[in-house]
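Everything on this sheet refers to the single structure shown next.
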Amino acid sequence: MIIQNQRSRTIVIALLAVTIFALPSLPGKQNTGTVRGFVYDIATGTPLPQVQVKMIGEVMVTAITTIEGNFRIEGVPVGLYRISYSSAIHRAMNVEGLEVIAGEIADASAGMSMRVKSTGALSSASKQPTLLERNSNSTASRGIGLARDRDVALPDALRSIENSAMVTTLTNVESAGGLDAQNRRAALDLNRSETLAIGASVLDVDTGVDEQLPSPQATHDRVSPQAASAMAPRGSVRVDRNGLRIESRGGAFMSEMHLRSQIRFSSPSPSVPRQPGHFLRARENDLRFRRARFKTSGHMLRPWIRYATEYDLVGTRMLDMRVTVQKWEWLQFRFGQWKTEFGRERVSSSGRQEFVERSIVNRQFTVDRQKGFMVMGRVKNGTRADSRYYAGVFTGNGRGFRSSGAGSLDNRDGSPMWVTRYQWNFLKDDPGFSQSDLEYHRTPVAAIAIGTMSNRSRFTRFSGSGGGSLDGYEVGLPGQFAVRQVAEDFVLKYRGLFLQHELHWKQIRDRIDHSITRSNGVYFQGGYFPHYVAGWVPEQLELGLRYATVDQDRVRQFDRIVESAFVVNWFMEGHGNKLTFDIAHYRLAQPNGTDKSAIQARVQWDVSF
């Protein structure tokens, strides 16, 4: 058995090592570039969220800045672009001559000034700097505003979409294809004007494009905030492939609504075997909607006061309901109910996983959803010391409210749950929690983290259903089980390669029986898009491997379970629409070398809209 475990582990590590050593020779995409930027108030330096950024050139590209004032657009065709920045309370501004070069990162950062109610010429102090003025050291051959510093941090595009509802669109201008560059841009402007005419209605509904375009404004517009508010529409509604977006006049309230479903076929059993009896179950093919979720997210009163909810339509239960205050990047606050930031695999949404389901390590060690308060933030952004920290206090009873008596919240254990996590983004950027390198990072992004948890309650494990019990335990009395956990995790994304692992330690002390149980678990996981080494392979295809093992009780000799799995992903629209097939082999150690084993195959379609 030990020899077999070593062989499986050696095979997985060898395959991943070969992939890593092959990276320097991997071909890259050569016909597109990336544009990123930071938009801020020129007087105060405060980041500006919800600023509409539009690029016009060979194609039209639009984006919205995040709560931190950042935006990023990938896959932009090479060429020269004109950029406009529009905000509800800041002067619109235009910048000419941003050049996008294949494989490079162009910087389109900008400072915007508040609208003022005055007349006369604009003073030189309030004049907006051009890209040329901000990037005076750029070479003329590369064009105005090019930033080619490869040390610039590359944010995770999927995380920007998930956390701040950034929308990016590429619109091919087929009707202008036969015109020269100057006339093509004129045609684009005409097309833009026709689109803007729709926005003149009281309630603006747009089902044809991904983002509302700003009303045309002069660069030195002097409309007062009161006049702008009076002329603004009462609100807007937009429906597109990313869901339903509703925004109030002036942008004080915004809500985005999404539906996500997972339909899964499993054979020969619907669940992962953990105990000897599970390996003897009769064949039972299973087809079901594994998940159906309704999600809302947005901001209220201020763009930096964010909220998010998630409701389970299958189990008819509220999963997440949280509010996050994000006024400062280095100091943020969150309260409500959500998946605590303890382990990487569990925090990542089930729709952002590489495999059909999380590893066997998750069930034994997850802290899952809790109710409480957390302080968190990001410091030294973009440097070698780039870090994220999390420190929270929770009720420690899991999702929802469990009652031991009428009106009781079952929190009589006398001790809250404490959770901490420190994450070091040692390559100057945060890789996020989503799995697979869908963004094809041209420079590597990686992070290593450590988390701790301390709790005293009736429960020995948690899940989406709330507090529960590990195998061999039952729900105890309030405060009966003192649980301590430590976790370490690592992630790397680079040129289509994704690597991740976690290592867990757990101690359960029964304060009534005076017994102690210690367990540990580890998994290694990796995936790659073979298209980047074999051009004939479709770009949408990803292959991956995983090895995981859990020792449920380090004292007992025959309770170690091992998982070896292989996955094939077909991404139609990233994680938002994908097909996943995986096959896993499970083995449970038994006396005299007669290990129990089982194979499970699963196919899943995950779609969000």
Side-chain angles (χ1 to χ4, degrees), residues 19 29 74-75 156-163 165-170 210 240-243 256-267 270 286-295 297 310 312-314 339 344-359 362 431-441 464 491 493-500 523 525-532 534 537-546 565-584 600-609:
T19 305
K29 299 178 181 178
E74 296 196 22
D156 187 327
L158 293 179
R159 183 175 75 257
S160 298
I161 294 174
E162 185 176 34
N163 292 342
M166 169 180 163
V167 179
T168 303
T169 63
L170 290 176
D210 286 336
D240 56 39
R241 62 182 179 83
N242 294 314
E256 291 187 330
M257 305 176 194
H258 308 270
L259 289 174
R260 181 168 68 87
S261 67
Q262 288 180 343
I263 184 169
R264 180 187 301 177
F265 173 78
S266 302
S267 179
D286 182 75
L287 177 64
R288 71 173 75 178
F289 274 95
R290 183 66 176 80
R291 291 179 176 90
R293 306 279 174 85
F294 175 71
K295 295 183 177 183
S297 61
E310 182 172 352
D312 182 6
L313 300 175
V314 175
K339 286 188 289 187
R344 172 170 295 278
E345 185 181 39
R346 183 55 184 169
V347 173
S348 178
S349 167
S350 59
R352 306 290 181 183
Q353 299 289 319
E354 185 177 33
F355 284 73
V356 169
E357 194 57 270
R358 297 177 178 90
S359 71
N362 175 73
F433 286 105
S434 66
Q435 300 184 7
S436 301
D437 185 22
L438 289 170
E439 305 81 24
Y440 188 81
H441 289 81
V491 63
K493 296 180 180 181
Y494 181 50
R495 291 181 175 265
L497 174 69
F498 166 76
L499 297 177
Q500 180 171 300
Y523 76 83
Q525 179 176 322
Y528 187 67
F529 290 88
H531 170 78
Y532 298 118
V537 178
E539 292 184 72
Q540 300 93 334
L541 181 69
E542 182 195 32
L543 305 178
L545 296 171
R546 180 165 70 197
F566 170 74
V567 67
V568 178
N569 280 311
W570 184 269
F571 293 95
M572 290 169 278
E573 291 186 20
H575 283 298
N577 189 0
K578 66 180 179 180
L579 284 172
T580 302
F581 166 78
D582 68 12
I583 184 168
Q600 184 184 42
R602 300 173 292 198
V603 180
Q604 179 171 279
W605 179 32
D606 194 305
V607 60
S608 302
F609 51 89

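All of these numbers come straight from a predicted model, not from anything done at the bench.
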With side chains defined as the heavy atoms from C-beta onward, is the minimum distance between [X] and [Y] less than 4.5 Å?
X      : Y      : answer
Glu345 : Gln353 : yes
Asp437 : Tyr528 : no
Val356 : Thr580 : yes
Ile263 : Leu287 : yes
Gln525 : Gln435 : yes
Asp582 : Phe566 : no

For [Y], is there any backbone N or O sitting under 3.5 Å from a side-chain donor or acceptor partner on [X]?
X      : Y      : value
Ser349 : Gly351 : yes
His531 : Pro538 : no
Arg344 : Gly432 : yes
Ser348 : Phe433 : yes

Sole residue of Arg358, Arg260, Gln604 in side chain to side chain donor-acceptor pair (under 3.5 Å) with Ser350: Arg260
query: How many angstroms lie between CZ in Phe498 and NE2 in His441, if you round to the nearest 0.5 Å?
result: 11.5 Å
Which atoms form the tightest heavy-atom contact between [X] and [Y], and what is the distance?
X      : Y      : answer
Pro530 : Val537 : CG-CG1, 3.7 Å
Lys493 : Ser434 : NZ-O, 2.8 Å
Leu499 : Gly526 : CD2-CA, 3.9 Å
Glu354 : Ser436 : CG-OG, 3.8 Å

message: Using the side chain to side chain donor-acceptor pair (under 3.5 Å) criterion, which residues pair with Asn362? Sequence neighbours excluded.
response: none
- request: Give a yes or no on whether Phe289 atom CZ has more than 12 heavy-atom contacts from other residues, nucleotides or ligands under 6.0 Å away.
  value: no
query: Is the charged tip of Arg546 near the ring of Phe355: under 6.0 Å from the six-membered ring centre and within 45° of its axis?
result: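 Yes, Arg546 and Phe355 form such a contact.
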message: Assess whether a salt bridge exists between Lys578 and Asp606, defined as any Lys/Arg side-chain N lying under 4.0 Å from an Asp/Glu carboxylate O.
response: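 Salt bridge: no.
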field: Salt bridge present between Arg290 and Glu357 (N-O < 4.0 angstrom)
entry: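 Glu357 and Arg290: salt-bridged.
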- request: Please lay out, stage by stage, how Phe571 and Phe529 fare under the test side chain to side chain contact (heavy atoms under 4.5 Å, CB included).
  value: CA-CA 11 Å; Phe571 293 95; Phe529 290 88; 3.8 Å; yes
